[in-house]
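Below you'll find the structure, written out as structure tokens, and then a few comments.
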Amino acid sequence: MIIVVGSINLDLIANVDRLPAPGETVRGSNFTTAPGGKGANQALAAARAGANVRMVGAVGKDSFAAEATALLRDGKVDLSGVGESFASTGTALILVGADGENVIAVVPGANDSVLPADIAKALLKKNDVVLLQHEIPLQTVEAALDATRAAGAISVLNTAPFRAEASDLLAKADYAVANETEFDLYGEALSLAGRDRPARMRDYAGKTGRTIVVTLGGDGVLAATPDNFLTVPALKITPVDTVGAGDTFCGYFGAGLSSGLPLEQALVRAAAAGSLACLKPGAQPAIPLAKDVDAALTGAR
Ligand code: RIB
């Protein structure tokens with residue numbers, strides 16, 4: 001079973017030719033809404049990968065809540081751990097440029113009411129895989145990491161968005177997953193040694209005894225374990241929208257570990273899924289099905 005303790009948002013998305021500079025107004029070409037939130041996106045990705053998934057989180061008592069959870073329901077994610085808060089459903093204001101790159105501002109709303117006491121709703125068991133991110137209170141993330149270890153389950157912490165005060169949480173996770181920018185910032189905060197990123201990743205794995213995974217967008221994925229270093233390619237694609245690609249990676253990665261795949265195979269599958277997620281607009285609408293990932297991997301060989 002995969003358990004996600006994390007955020008649920010409604011994404012408000014505008015497409016623009018190019019992302020504006022500070023103080024600049026640009027004209028948008030399209031506006032849509034779609035379910036999002038790093039936690040919910042990862043839950044749906046794990047479900048589309050074929051895993052049984054339970055979500056622990058919160059939405060508001062408002063009109064955004066049903067839309068924010070619609071695809072999780074369609075994907076048969078167990079939402080018994082999702083509570084209702086007096087705060088509004090989390091929202092993310094997203095601009096997507098013509099090159100597929102994006103900027104995002106998140107307003108947490110109900111996600112800030114996911115508290116350590118809610119972890120009981122996860123019904124954690126030995127060998128479960130628990131996916132966590134930084135869009136709920138960090139005290140809840142830390143309590144979930146501790147509860148995961150106590151239950152004999154496996155934790156995957158996606159370190160997004162970067163929060164300097166979360167630096168000491170990384171080493172509590174069996175697998176920390178960062179993008180390159182986040183890893184470089186955490187590397188400074190943790191005073192990792194080494195003249196380049198792979199060296200600093202090795203330093204992290206050696207010091208903590210845990211695995212660090214760094215996603216590089218179109219350049220693939222790196223992973224350092226205490227005794228190994230892996231490099232995995234991305235698929236060759238032309239991105240139309242990269243929103244949710246990292247979440248798709250994490251959901252598929254967790255599902256791969258949960259199904260018993262060796263680390264390298266779980267990374268290969270997750271990297272392919274993350275690449276495919278860049279081919280359609282929106283976070284959750286773009287998450288590929290397992291059969292599409294299989295077909296892409298077969299074609300790439
Ligand atoms: O990672 C993408 C997600 O970040 C979006 O769905 C948005 O809700 C923000 O949480």
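Numbering of residues begins at 1 and proceeds along the displayed sequence. All ligand and atom numbering here is 1-based and tracks the order in the structure.
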Below 4.0 Å from any atom of ligand 1, is there a heavy atom belonging to Gly37?
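Flag set, Gly37 near ligand 1.
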Contacting atoms of ligand 1, where contact means under 4.0 angstrom from a heavy atom of [X]:
X	answer
Gly36	6 (O), 8 (O)
Ala283	6 (O)
Asp247	1 (O), 2 (C), 3 (C)
Ala92	7 (C), 8 (O)

Any Lys/Arg nitrogen of Asp184 or Arg197 sitting under 4.0 Å from an Asp/Glu carboxylate oxygen of the other?
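Judged by the 4.0 Å cut-off on N to carboxylate O distance, Asp184 and Arg197 do form a salt bridge.
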Show, in sequence, the C-alpha distance, side-chain angles and deciding distance for Thr69 and Leu79, and conclude whether the side chain to side chain contact (heavy atoms under 4.5 Å, CB included) test is met.
CA-CA 9 Å; Thr69 50; Leu79 297 180; 4.2 Å; yes
Just to confirm my output: which protein heavy-atom neighbour is closest to atom 3 (C) of ligand 1, and how far is it?
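Protein heavy atom with the smallest distance to atom 3 (C) of ligand 1: Asn41 ND2, 3.6 Å.
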Can you report which non-hydrogen protein atom sits closest to atom 4 (O) of ligand 1, along with the distance?
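For this ligand atom, the closest protein heavy atom is Lys38 NZ, 3.1 Å.
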Decide yes or no on side chain to side chain contact (heavy atoms under 4.5 Å, CB included) for Phe183 and Leu222, but give the supporting numbers first.
CA-CA 11 Å; Phe183 176 74; Leu222 306 175; over 6 Å; no
For Asn228 and Thr225, indicate whether the former's side chain and the latter's backbone hold a donor-acceptor pair under 3.5 Å.
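Such a contact is absent between Asn228 side chain and Thr225 backbone.
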For Gly187, does its backbone N or O pair with a side-chain atom of Arg200 as donor and acceptor, under 3.5 Å?
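Checked: no pair found.
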Arg210 charged N/C atom sitting above Tyr175 aromatic ring, 6.0 Å / 45°:
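That pair does not qualify as a cation-pi contact.
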Can you figure out which of Asp11, Leu12, Asn102 has its heavy atom closest to atom 5 (C) of ligand 1?
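Heavy atom nearest to atom 5 (C) of ligand 1 belongs to Asp11.
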Test salt bridge (charged side-chain N to carboxylate O under 4.0 Å, His left out) on Lys280 and Asp241 and set out the steps.
CA-CA 6 Å; Lys280 291 185 193 162; Asp241 179 348; over 6 Å; no
For the 3.5 Å polar cut-off, considering only N or O atoms, please tell me whether Glu135 and ligand 1 meet it.
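So ligand 1 has an N or O lying under 3.5 Å from an N or O of Glu135.
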